[in-house]
Each structure stands twice: as structure tokens, then as C-alpha cells.
Chemist: 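Take a look at this one; I'll ask things after.
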Amino acid sequence: MAPQITQKSSESLAFLKSLNTAQLQAVLHEPTSPLQILAGPGSGKTKALTSRIAHLILHHSLPPSSICAVTFTNKAASEMRQRLGVLIGKQRTAEVRMGTFHASCALFLRKFSKVVGIEPNFTVCDAEESKKIISNLLKPHKNFLASKDITLKDGNVLSQISRAKAKGLDAKDFIAQHKATNEFDPQVDIQRVIGTVYEKYEKALRRSNSLDFDDLLLFGVKLFSEHPSATNWCRHVLVDEFQDTNVTQYELLRAIARPTKGCVTIVGDPDQSIYGWRSAEVGNLAKMRKDFPGTTQIFLEENYRSTGSILKASLAIVSQDKTRIPKTLLTSHPSGTVPVLRSFPSEQAEANFIAVEIKRLVAFMGGMLRWGDFAILLRFSALSRAIESALQKEAIPCAVLGGHKFFERQEIKDILAYLQLVDNPSFVPALTRAINVPSRSIGEKSLEAITERALKTKLSSLEVIERITDAKQPDVKPAVKSKLASFVKTVRALRQLAAKGASPPDLIQRLLELIGYEDHLKKTQPEWETRWENVQELITFASEVEQGVNLANVEPEDSAPSSDTPLRLFLQASMLSSEGDNQSEEDSKEKVTITTCHAAKGLEWPVVLIPAVEQGTFPFYRTEDFQEERRLLYVACTRAQSLLYLSHVTKRKVGGETKTRDLSEFVSAVTKEDSNMFTARVSQFAAIERAVVAQVLGRADAPEAEVARRVAEFRKTTRYLAFDGDETSQLDTLSFPALSNGMAPSFVASSKIASGSGGAPPQKTVSLHPMLLAAKAQSPQILAPITQNVASTSTSTVGSSNPSLKPAASDPSLKPAATIPTAVSTGGVKRRLGMGKGTMGFPNKKFKPPLL
DNA sequence: CTTTCCAAGACGAAA
DNA sequence: TCTTGGAAAG
């Protein structure tokens, strides 16, 4: 493969010009010396990574196929692929070995399966199937555990086994590690049971010719370390989100990187490590520096994503962690609108606020923002209920990511089970599922009898079934032969088709006919229409995989013939992809995103709203790592580009009973120190503020007339009091036309204001002219830093060490409205900008903010 | 032996 | 809201 790389490098390296100093340094860093890029949120790490790859190829003449880039999600991989394509072209990009840890391992394991003692047609066993296996293995221990008064859930056992695997401990290691020290400790019994189950679980997987997610990595390590020639192609390894790697993944990196002799580049940010619960080891950063002598660290500290005030608040949250290594982030943007923090009496009130506020923002931004610009980030998906219905009530389209994932839906798994069985007859979980779809009246007992026979005859369960229906073997106790005729017929028909090379979409179509799946859904599922649509969606997915540039490119040196059939590729893609990966782009632009904070990592939105920022939820009450919860909130906050909203409720229904809730200590600790970090007051978005939003997003500001039109429309159509009876919400106050008409001060009657700490006195009466309120609560923080930026450098520091923002913050006249006595001087505001008259206390329209 | 139906209980984050 | 488990019906 002669790389035709020697071209006008001056032209192809033009992309270097768009990098900042630190990024450039990272890109140009000597390829042979190990590199850690420590990149804060929004600091252009993907840009640095892709540029480095491009530079390795264009300048250092590395063949694209000698570069291995690993990410955690398919989404991250495809984004990287897309951006690299811009730099070096689609052709060469396709040759770069890019993918998730799991997919990359699977790729090689298919080729070298025999080396590690598995068959090339192994099936990836997902968590749900693993859980079922474990649940079965746990049954014999039920009585014993019950006698000791211990309840052991299958999920718990699975996660403990998974943790062991993530650390590279096999069943023997696990048992040895939990050798009894105290015979009377119930923990000993538990660990002993888990140890046995672990052993049996492994055996079950091997018998099923199957690897679970952890196995993909473990067998990958095994392959690469025992068969180093499998990595001969490798000249450089790059790892994204390194702070979330576990021990096994780190070993994998080391194994793959062996032939490169230290040509390793990783990108990470300890502040964004949020996967400790699935065994991520931040310590891998230090470990790498030890294992790869001479590792250089480069820090990307300039944030291009968020406004100054969002960054400032986010940093204030994360830096409460005293064990954290202090770091700063610089913003290239103006301070912008102060993040909003609000309190509500109920989930419904909170959800309503979010819905109406989204509508209001769309109106006040004159159409500059669309539904797709909003994200609601949740601590866990169950919180979406109230929010979804509130959005629905306001006719706001939304897409809930996470929650029940596409490939975990039963209708999808039904179909996949048949296909898995066709590809891998030994895969028991698929058999168990498919055998009763549609119902063939095969129960637990019958299956048990079949399994028993299979074990005795050393055949797979499926073979036993086939032999019974062929009358080559006697029937089992609960007669099964007649019941399974149609099942065997179906599997055989598909097997034949697949052998002839039928495409996955065709196979699915045929399967649906053979088992009459549509009718089956109609009969058994109340929501059969949606489910049937999902099946169609699966066919679409299958055809996409089929055409999809087969990224699994040829293996030039290692002549192992690829055993990948189209069916196998499709099945693997199904098991290793997640929901977000295949949802269409246009679709998501028109919908508000609702997702978990975890799933939001690596993404950004113009407006981010985070509800339920409460004790018990955030930090989650059962968390094992308190600081990780804090970092999670930091990650969530730093997804926001222009506007950030945090909210919490004082009462939440948990399992039937209503419990009182306090504001999250992560936030109350911040507001206690600096009450201006957040405001309870939603912004009116005068021209200058809108301009900042436009600037940060790199969009054209909306025409004033359009804004006016939409705002008027919004006021006409939205009933503010949908909120909450007595609480004349501040939103109402600010949005009412009365405000701009200069209504009497008494208009602002009483408002509950969620500033300060969570347990603050809930109500204060404010009697202040709304105009002053609006101006005071907003402009200083918005405007002061802008003038500051102009005066000083083009970049303002937002770290806690930064004194430049302090004066504004400590200005007594700038305290939140609720705590201010009646008489207030507006001098501070006027001095800075000169207020236009009659424009709500904001500068007149002609004023152009000094943008950077 | 299997299926169906109904009440009670739960509810963390993911490849 | 969805899952789970037990009891009765098929």
C-alpha cells in the first residue's frame, strides 16, 4: 500500500493555522514521544486529536492504517472520523483504525479467534442476557442464602463480576481474593456464592461461544499480548477520554502500543471522570507516566464553548472538591447571561417552568434558537417523566435518549435472537428467547430437559432440538417434538438463506414472514404499532450497516482470512452500538433533547437545563463516590454554550411518599460563597444579551422586529400562571407587558426566590420597581466582564484565582434582588454602560457590545 | 406444565 | 410507569 502522501504539504497542513498555541504544540509534538493532552471541557480536544492524526499522516508520512484511535462511544468515533475526513479526505480516513475499545477488540478477535481459544462466530452477550444467565446460576444458591437471611440480586452479582473483569481478575483470582478471614461475616458467604457463580458464568459463556462486554477487552489483551504479531501494523495509538479507561483497557493500550515503542497520545480530563462505578481508573494517567518514561503533558485550557459566567459557575462547583488538582479554564467568550438557579414546590412546577421557559427563550431569541438547541440533562432517566409530560402539554417536541435503548427493546431482541442463532447455534440466550416467539408453549421445565440432554450428548441445545424434531433422538419428558417443528423449520430456512449470502435486511424480512411476527405483535402487544415501527427501523439499520463503508479494512500483513459474513457484521454492529449513534441528525435538530448527564459527555448545546439538582438526587443518595457526583454536575454544566439553568424542588415524590428536598450541596456551597454566581431571575434578553448568545453560537443575531413579533406572540399564547398559584413566578413578572409599561412597583408582590442556600427562608417580599430589578439583577454581571475583556486581554480568566471578576461580584448593590433593601442606587450599572431610556434598563439598541 | 392476569413494588450511570 | 411474582385458569 504505497501511501501517496508526498504532496504539497504547505497546502495540506493549512489546518494547523486554526489551532491555538497549546493545540499546535500538541499536534506538532514529536510522534515518538508519549503525550498526554489534558483538555478541559470545550477546549477543542477532538480538534487537537484529529489534527494530530492528520499531521502524523501528512507530515510524518505514517500510513493511515498504522494509526489506531480509540474512543469510548461510537458517536465519538464517528465524529472523529467525520472531522478527520475533512482534513485528510475520506479515503485515507477510512483506513485509520478508529473505533471503540470494544469494537476494535471484536474486529481482531474475529480474525484471530483461534489464537485465544474461541470460534470466529462468537456472539457478543449483552448485559441483559448476562443477567439472565446469572439469575439462573443463582437459583441453586437461593435456599442457602435465604437460610442466612441474605438477599442477593442478579444485577448486583453481575456488576461485581464485571468489576472483577474490568480489573483483569478471573474467577480464580476473585475467589482467592475473597478468602475467608472471618467465618461469621455474612460477606464471606456472599463472596463465596459470587465466586462460584462467576466460575459457572464463565463456563456458560464459553459453552455458548460467547463473549460479554468485559470479555471483549480481556480477550483482546490476551490476544495482543500472547500473539504480538497481531499488532505489527501499529505505529501510533491515540486514546480519547482516557480518564475513563479501566485497568483492562489500559492493559489493552499497552499491548497494542508495544510495537510503537511509546508512540502513544492520550486525551483526558480528570475533572470529567464520571465512570468510576464501571471501574474507570483516573490513576491510569499517573500509571501511564510511569510506564511510558518521558511522557509529556500538554494542557488545553482555553474554552471555546461556553460563556464566561457558565464556566465560572461550573468551575466553582468542581473546585469545591479539595482533593482535585487545581486547574484553570480560560474563556474566549464574554461573560454572558448569569446561570439561573430556581426552586419549585413540586416536580410539576419545575417541569412546567422548564417547558414554558424553553418556549419563552425561543420567542425572546427571535427564532435564533430552535428546539434542537435545548437539552435537559438528568441524573437518571426516571426523572424524565414529569418533564416529558410538561413538554407535551406545551407542544414541544422532544427526544428522550437513554432510558430504554433501541437494541434492548424486546421486539428487536426477538429478531436478533433468531439471527444470532443462525450465526452461532451454540448461543443459548438466543435460543431461550427465540424458542417462544411466537409462543410455542415451551416452559422452564422443557428447556431444562433439553439443556440436560445437550450437556450429556455434548451437542448444543439447538442441535438436540433439531435431532428431536428429525426423530434422530427420543423426545424429552414434556413432549417437545411437535411444538418445535415450526421453530426448527424457521431456523433452517434462515440458515440456508444466510449460507447463500442473503443480506441481513432480507433475512429479517423472511424471518418476519416465517414467524408471522406482525400478527404476533398485534396479538400480544398493546403498543404493537410502535414495536412494529421499531422492527422496520431495525431493517433500515441493517441496510445501513450493509452499505456502511466497511471500516473493518483489510489486514494486509496478517493473512488470516476474514470470516465476517454480512450477517455477523450486522449482529456485531447491533450489539456494540448505542441509541444515540443511529438517530438521524435532521431529526434531532427539531427536538429538545432529554438525556442523562452521563450520556451528555462530549456533547454541547446552546441551552442546558438541569432539573432535580437536589440532595439525594445530585449527589445520588446511594453513591459510592461523592466527588464523582460533583464532577458529573460539572460535566453537565459545561455542556452549555450560552445559557444554563439549574433547578430543584422542595418536595419530591419518591416511591409513593412525598419527601422534602434541599438544594444540592454542590450548588449551595457555591452560592454561599458567592451569591452572584447564579440568579433566580430569568433574563429578559435585551439586544446586548442576545448578541452575546449569537456570538457564542456563531450565529446571526435575530432582527429586532422578529424578536418583537415572537415575544408578542408568546405573551398572547402562553399562560404564565400555568406555573403555580400563589407563586407569582419571577418569570411572569419579567415577561409581563406590564413591566415595560413601567407599572407600579407593587406589581412585584411576592416572589419565592431561589437564591442563596437551599434552606434559605423561602419568601421575601420585594418591593422594587421591576425595571430596577431587572437591570440590577442582570446587567452588571453580563456587562462588566465584557468591558473588562476589552480593557485587558482578549481572554479573561474564569478560574477561582481570577480576581478580575471579583469587584462586580462583591459590589453590594449587586446582591440578588430578594436580599436587597428597597433603596438602591443604580449607579454601578449606569457607570459601566450608560442606560438607554425606556429600554428596560438595558443599553439602547445602537450600542454594539465590544465583541471579541 | 404453561399461560395469563392482577396486585405490589421499585426507581443509577453504559459499551 | 414498568417490572415482578404469585395464584388461578388453560
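Letters go in sequence order (proteins before strands), and every chain restarts at 1. Only a predicted model underlies this, so the values are computations on that prediction, with no experimental measurement involved.
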Chemist: OP1 or OP2 of B/dG12 less than 4.0 angstrom from a side-chain nitrogen or oxygen of A/Thr623, does that happen here?
Modeler: no

Chemist: Taking the six-membered ring for Trp and the full ring for Phe, Tyr or His, determine whether the centres of A/Phe213 and A/Phe101 are under 6.0 Å apart.
Modeler: no

Chemist: Taking a pair as Watson-Crick or G-U wobble with both distances under 3.5 Å, which nucleotide is matched to B/dA10?
Modeler: C/dT1

Chemist: Atom CG of A/Leu218 to atom P of B/dA15: distance rounded to whole Å?
Modeler: 18 Å

Chemist: Could you tell me the separation between the CD atom of A/Gln348 and the P atom of C/dT1, rounded to a whole number of Å?
Modeler: 12 Å

Chemist: Run the ring-centre check on A/Phe427 versus A/Phe122 and record whether the distance is less than 6.0 Å.
Modeler: no

Chemist: Please determine, for the side chain of A/His102, which listed nucleotide (B/dG12, B/dA15, B/dA14) has the closest atom?
Modeler: B/dA15

Chemist: Select from A/Lys445 and A/Ala599 the residue whose nearest nucleotide in DNA chain B is closer to the 5' end of that strand.
Modeler: A/Lys445

Chemist: Detail all sub-3.5 Å separations between protein N/O atoms and N/O atoms belonging to nucleotides 3-5 of chain B.
Modeler:
unit_1: B/dT3; atom_1: OP1; unit_2: A/Ser439; atom_2: OG; d: 2.8
unit_1: B/dT3; atom_1: OP1; unit_2: A/Ser441; atom_2: N; d: 3.1
unit_1: B/dT3; atom_1: OP1; unit_2: A/Ser441; atom_2: OG; d: 3.4

Chemist: Measuring to OP1 and OP2 of B/dG12, would you say a side-chain N or O of A/Arg622 lies under 4.0 angstrom away?
Modeler: yes

Chemist: My understanding is that a pair needs two contacts under 3.5 Å, Watson-Crick or G-U wobble. By that rule, which nucleotide pairs with B/dC1?
Modeler: C/dG10

Chemist: Which nucleotide sits closest to the side chain of A/Lys153: B/dG12, B/dA14, B/dC11?
Modeler: B/dC11

Chemist: Picking from A/Gln320, A/Gln615, A/Arg630, what satisfies side-chain hydrogen bond (donor to acceptor under 3.5 Å, both in side chains) with A/Glu665?
Modeler: A/Gln615

Chemist: A/Trp277 on top of B/dA13's base, within under 5.5 Å and under 30°?
Modeler: yes

Chemist: Nearest heavy-atom pair of A/Leu137 and A/Pro140: which atoms, and what distance?
Modeler: O-CD, 3.2 Å

Chemist: Check the angle between the aromatic planes of A/His520 and A/Tyr517 and answer parallel, tilted or perpendicular using the 30° and 60° thresholds.
Modeler: tilted

Chemist: Per the side-chain hydrogen bond (donor to acceptor under 3.5 Å, both in side chains) rule, which among A/Arg661, A/His648, A/Glu629, A/Arg652 passes with A/Thr617?
Modeler: A/Arg661

Chemist: Can you tell me how far P of B/dA10 sits from CG of A/Leu383, to the nearest Å?
Modeler: 18 Å

Chemist: Mind checking A/Phe101 for me? I need base, sugar-phosphate or nothing, with any heavy atom below 4.0 Å counting as a touch.
Modeler: nothing

Chemist: To the nearest Å, how far apart are A/Arg379 CZ and B/dG12 P?
Modeler: 9 Å

Chemist: If you take all heavy atoms of A/Lys601 and A/Ile274, which pair is closest and at what distance?
Modeler: CD-CD1, 3.9 Å

Chemist: Does A/Glu624 get its side chain close enough to the base of B/dG12, under 3.5 Å, for a donor-acceptor pair?
Modeler: no

Chemist: Between A/Leu447 (CG) and B/dT2 (C1'), how many Å, whole number?
Modeler: 12 Å

Chemist: Considering only side-chain heavy atoms of A/Ser446, which listed nucleotide, B/dC1, B/dA14, B/dA13, is closest?
Modeler: B/dC1

Chemist: For residues A/His598 and A/Trp277, establish whether the separation of their ring centroids is below 6.0 Å.
Modeler: yes

Chemist: Can you list, in residue-number order, the parts of residues 238-256 of chain A that come under 4.0 Å of DNA chain B, counting heavy atoms only?
Modeler: none

Chemist: To the nearest Å, how far apart are A/Glu629 CD and B/dG12 C1'?
Modeler: 9 Å

Chemist: Side-chain N or O of A/Ser577 less than 4.0 angstrom from OP1 or OP2 on B/dA15?
Modeler: no

Chemist: We want to know whether A/Arg163 and A/Gln160 form a side-chain donor-acceptor pair, criterion being a heavy-atom distance below 3.5 angstrom.
Modeler: no

Chemist: For A/Asp214 and A/Ala382, find the nucleotide of DNA chain B closest to each by heavy atoms; which residue's nucleotide sits nearer the 5' end?
Modeler: A/Ala382

Chemist: Report the residues that fulfil ring pair (Phe, Tyr, Trp, His ring centres under 6.0 Å) with A/Tyr645, sequence neighbours left out, ordered by chain and then residue number.
Modeler: none

Chemist: Would you mind reading off the distance between A/Leu377 atom CG and B/dA14 atom P, rounded to a whole angstrom?
Modeler: 12 Å

Chemist: Are the aromatic rings of A/Phe541 and A/Phe407 close, with centres under 6.0 Å apart?
Modeler: yes

Chemist: Without decimals, in angstroms, what is the distance between A/Phe380 CZ and B/dA13 C1'?
Modeler: 11 Å

